[in-house]
Amino acid sequence: NTQEQLKKAVGEKAASFVQDGMKVGLGSGSTVYWLVHALGERIKEEGIQIEGIPSSIQTGAWAKEFGVPLTNFAETKELDITIDGADEVDPDFQLIKGGGAALFREKIIAQAAEKLLIIVDESKMVNYLGAYALPVEILPFAWERTVHEIKKLGCEPELRMKDGEPLVTDNGNFIADCPFEKIEDPADLDRKLQAIAGVVETGLFINMADTVIIGNSEGVTVKNK
Ligand code: DER
């Protein structure tokens with residue numbers, strides 16, 4: 001369908017930013033699927049030598065499927081570029097991420113890179129963050145207390161469920177989806193959430209994205225911060 005075609009188009013465009021010899025952070029989600037696919041094609045057709053670090057078990061599986069060699073932080077401490085999706089992008093390139101429950105590893109892999117490239121279809125571009133419930137990774141221990149503290153910041157958190165049980169992330173934690181509706185000051189909210197001991201990481205990616213590649217019916221647009 002057309003949304004899938006938009007994801008494929010931005011994935012391919014993003015793959016063109018990867019140069020021979022680069023160490024690449026690989027995000028998570030259905031748009032990143034097309035990035036990994038496109039990188040596999042470039043390795044096959046052009047013989048470029050790259051290595052990736054995946055931000056989820058799922059992305060690692062796609063890398064294996066498409067022939068993208070993997071490295072890890074034991075071997076590689078700095079990445080040249082990280083490419084990832086997002087659930088919302090505001091005009092300042094502040095992000096909400098975590099729709100795929102991979103936000104913790106995604107943020108580590110984003111921080112490890114010289115440059116963060118975000119790939120989205122146009123439906124993710126918003127005037128302000130918050131219509132998408134903010135995913136927050138929380139420790140299972142005392143989760144009810146952590147949710148109680150998050151509530152005080154002005155939302156009704158919902159524990160993300162999977163097959164009738166709380167979803168467990170790759171890191172063994174829970175995800176609370178927090179519908180703030182409209183986040184006036186994303187940086188301030190992130191600070192307040194991080195101050196809660198049971199909060200492991202938030203889906204607010206503040207001042208991290210350098211470039212956003214947007215797919216729409218006219219084609220692909222590259223926007224730099
Ligand atoms: O979970 C995540 O952070 C993903 O990157 C998500 O934000 C985008 O997933 P999508 O490309 O499947 O919409």
Side-chain angles (χ1 to χ4, degrees), residues 1-15 24-39 52-63 65-66 79 81-90 93-113 115-126 129-138 158-162 167-171 173-180 183 186 190 193 199-206 208-216 220-221:
N1 69 10
T2 50
Q3 192 182 39
E4 210 54 29
Q5 285 160 350
L6 295 186
K7 290 172 188 252
K8 188 168 188 290
V10 297
E12 286 167 352
K13 181 68 181 173
V24 186
L26 303 172
S28 294
S30 61
T31 311
V32 162
Y33 170 87
W34 291 110
L35 162 78
V36 181
H37 179 269
L39 287 174
I53 297 186
S55 59
S56 62
I57 294 165
Q58 175 64 74
T59 296
W62 290 336
E65 181 185 350
F66 297 125
L79 300 173
I81 187 168
T82 286
I83 306 172
D84 201 348
D87 297 298
E88 286 187 336
V89 182
D90 84 358
F93 285 9
Q94 310 305 352
L95 313 177
I96 283 186
K97 285 177 56 51
L103 65 96
F104 190 11
R105 296 191 183 188
E106 286 174 332
K107 198 177 275 190
I108 291 170
I109 282 159
Q111 279 188 344
K115 191 175 164 57
L116 177 61
L117 181 46
I118 297 297
I119 52 177
V120 291
D121 63 79
E122 63 181 348
S123 70
K124 311 295 187 62
M125 303 307 289
V126 297
L129 300 180
Y132 190 94
L134 174 64
V136 178
E137 184 149 341
I138 64 176
E158 294 236 334
L159 210 54
R160 192 177 301 181
M161 305 298 280
K162 185 172 180 197
L167 174 144
V168 177
T169 68
D170 290 349
N171 316 299
N173 298 312
F174 291 161
I175 296 282
D177 289 308
C178 308
F180 284 99
I183 300 173
D190 186 42
L193 285 165
V199 168
V200 171
E201 193 45 80
T202 80
L204 287 169
F205 283 47
I206 303 299
M208 295 182 74
D210 299 293
T211 300
V212 180
I213 300 184
I214 307 157
N216 59 31
V220 169
T221 311

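One-based numbering, in listed order, for ligands and for the atoms of each. Any value given below was found using the heavy atoms of this structure, including those in side chains, with hydrogens, waters and symmetry copies removed.
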Please determine whether any non-hydrogen atom of Asp84 lies less than 4.0 Å from an atom of ligand 1.
yes

In this structure, does ligand 1 have an atom that sits under 4.0 Å from one of the heavy atoms of Ala86?
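The answer is yes: ligand 1 sits under 4.0 Å from a heavy atom of Ala86.
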
With nothing but distance in play, are any N or O atoms of [X] less than 3.5 Å from an N or O of ligand 1?
X	answer
Val32	no
Gly29	no
Gly98	yes

May I ask you to say whether Glu201 pairs ionically with Lys107, meaning some side-chain N is under 4.0 Å from a carboxylate O?
yes

Tell me, do Gln94 and Met208 make a side-chain contact under 4.5 Å, heavy atoms counted?
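Of all side-chain heavy-atom pairs linking Met208 with Gln94, none is under 4.5 Å.
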
Within the 4.0 Å heavy-atom shell around [X], which atoms of ligand 1 are there?
X	result
Gly100	1 (O), 2 (C)
Ser30	10 (P), 11 (O), 12 (O)
Gly85	5 (O)
Gly99	1 (O), 2 (C)
Asp87	6 (C), 7 (O), 8 (C)

Under 30°, 30 to 60°, or over 60°: which ring-plane class applies to Trp34 and His37, parallel, tilted or perpendicular?
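Perpendicular: the ring planes of Trp34 and His37 meet at over 60°.
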
Kindly compute the distance separating OG1 (Thr202) from CG (Leu103), expressed to the nearest 0.5 Å.
7.0 Å

Please round to the nearest 0.5 Å and tell me the distance separating atom CD1 of Ile213 and atom NZ of Lys13.
7.0 Å

Taking Gly99's backbone N and O only, do any of them form a donor-acceptor pair with Arg160's side chain (distance below 3.5 Å, no angle check)?
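Confirmed, Arg160 side chain pairs with Gly99 backbone.
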
Is there a donor-acceptor pair closer than 3.5 Å between any side-chain N or O of Thr82 and the backbone N or O of Ile109?
yes

Nearest neighbour in protein (non-hydrogen) for atom 13 (O) of ligand 1
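For atom 13 (O) of ligand 1, the nearest protein heavy atom comes out as Lys124 NZ, 2.6 Å.
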
If you have a sec, work out which protein heavy atom is nearest atom 11 (O) of ligand 1 and how many Å separate them, to one decimal?
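Looking at atom 11 (O) of ligand 1, the protein heavy atom closest to it is Thr31 OG1, 2.7 Å.
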
Minimum distance, heavy atoms only, to atom 4 (C) of ligand 1: which one of Ser28, Ser55, Ser56 is it?
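That would be Ser28.
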
Closest approach of Glu137 to Phe104 (non-hydrogen atoms, all atoms of both residues)
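Reported closest heavy-atom pair: OE1-CB, 3.4 Å.
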
Tell me whether the count of non-hydrogen atoms from other residues, nucleotides or ligands lying under 6.0 Å of CD in Glu65 goes above 12.
yes

